[in-house]
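Everything below concerns the one structure shown next.
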Amino acid sequence: MSTGRLTLPHASHGGTPIGAVLADLLPAATASRARVRDAALVLGGAALTGIAAQIAVPVPGSPVPVTGQTFAALLVGASFGAGRGLLSLALYALAGIAGMPWFAAGASGAGGATFGYILGMLLAATVVGALARRGGDRGVLRTAGTMAAGTALIYAVGVPYLALSTGMSFGQAVAVGLVPFLIGDALKAALAMGALPTAWKLAGRRG
Ligand SMILES: O=C(O)CCCC[C@@H]1SC[C@@H]2NC(=O)N[C@@H]21
């Protein structure tokens, strides 16, 4: 997790330091202010994911809805970095398990067939955050690769979990838990591909 001071710029990309994520650009003059900033980011990341989960559109024949969560989780990971991304999604998952109704369409608890996707989002936010810190959110092509890796991780956990928890075959789980979402997830990744490099460009102009 960041200490709050930008002491890292060994190299730069468009005037902004490689080795930083977007959230590092938020000023925090002291270590304790940096802790407050990071706590606010973690809470905000969990809340953003919970709000995005309420955009939930049922898919006929599938227990898995289209949701805004993947966009939120990947954006949180990329813009906060691995540590804060992991904590945001861990808070989201744990509060949801404890009864906070902010999983897809107001659900909660760990018993649902789609809980594996939430575990996948936790993993994806962490890995995407690590990639972003290595420059994986600078430029459209790099961001596309980072989002593709994060999305693949969500499915790598979510689809086998769906199969195990429902008794479906793996092929059926792919058919109802992956295939219907590919176009929507590509659109969400495209949104992130626009948003993250643009945010860095704006930060570079201000810096
Ligand atoms: O129950 C939950 O809160 C998790 C819902 C998971 C939805 C999955 S995530 C990957 C895929 N893309 C979507 O838009 N929906 C599914």
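Predicted model, so just to flag it, every value in this text is computed and none were measured. We count ligands from 1, going down the list as the structure has it; atoms in each ligand are counted the same way.
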(message) To the nearest 0.5 Å, what is the distance between OG1 on Thr126 and CZ on Arg84?
(response) 13.0 Å
(request) Output yes when the distance from some N or O of ligand 1 to some N or O of Thr67 is under 3.5 Å, and no in every other case. (result) yes
(message) Looking only at protein heavy atoms, which one is nearest to atom 3 (O) of ligand 1, and what is the separation?
(response) Ala104 N, 2.7 Å
(request) Examine Val179 and Val66 and state if one hydrophobic cluster contains both, with Ile, Leu, Val, Met, Phe, Trp and Tyr joined whenever side-chain heavy atoms are less than 4.5 Å apart. (result) yes
(message) Give the atom numbers and elements of ligand 1 that come within less than 4.0 Å of a heavy atom of Phe103.
(response) 3 (O)
(message) When you measure from the heavy atoms of Tyr155 to every atom of ligand 1, does any distance fall below 4.0 Å?
(response) yes
(message) So, taking the atom named CZ in Phe103 and the one named CD in Gln54, what distance separates them when rounded to the nearest 0.5 Å?
(response) 10.5 Å
(request) Give the cluster check for Leu196 versus Met193: same hydrophobic cluster or not, with ILVMFWY residues linked at side-chain heavy-atom distances below 4.5 Å. (result) no
(message) Tell me the protein heavy atom at minimum distance from atom 9 (S) of ligand 1, and give that distance in Å.
(response) Thr70 CG2, 3.6 Å
(message) Check this for me: does any side-chain nitrogen of one of Asp38 and Arg33 sit under 4.0 Å from a carboxylate oxygen of the other?
(response) no
(message) Tell me which one of Thr70, Thr67, Val64 satisfies side chain to side chain contact (heavy atoms under 4.5 Å, CB included) with Tyr117.
(response) Val64
(request) Would you kindly specify which portion of Tyr117 sits under 4.0 Å from ligand 1, judged on non-hydrogen atoms: side chain, backbone, both or neither? (result) side chain
(request) State the atoms of ligand 1, each with its element, that fall below the 4.0 Å cut-off from a heavy-atom position in Val64. (result) 7 (C), 8 (C), 16 (C)
(message) Suppose we measure from atom 5 (C) of ligand 1 to each protein heavy atom; which comes out shortest, and what is that distance?
(response) Gln69 OE1, 3.4 Å
(message) Distance check, rounded to the nearest 0.5 Å: Leu182 atom CG versus Leu187 atom CG?
(response) 11.0 Å
(message) When you group the ILVMFWY residues by side-chain heavy-atom contacts below 4.5 Å and let the links chain together, are Leu164 and Leu162 in the same group?
(response) no
(request) Going by heavy-atom distance to atom 1 (O) of ligand 1, choose the closest among Leu187, Leu178, Thr114, Leu119. (result) Thr114
(message) So for Pro65, does at least one of its heavy atoms come nearer than 4.0 angstrom to any atom of ligand 1?
(response) yes
(request) May I ask you to identify the nearest protein heavy atom to atom 14 (O) of ligand 1, giving residue, atom name and distance to one decimal place in Å? (result) Lys188 NZ, 2.7 Å
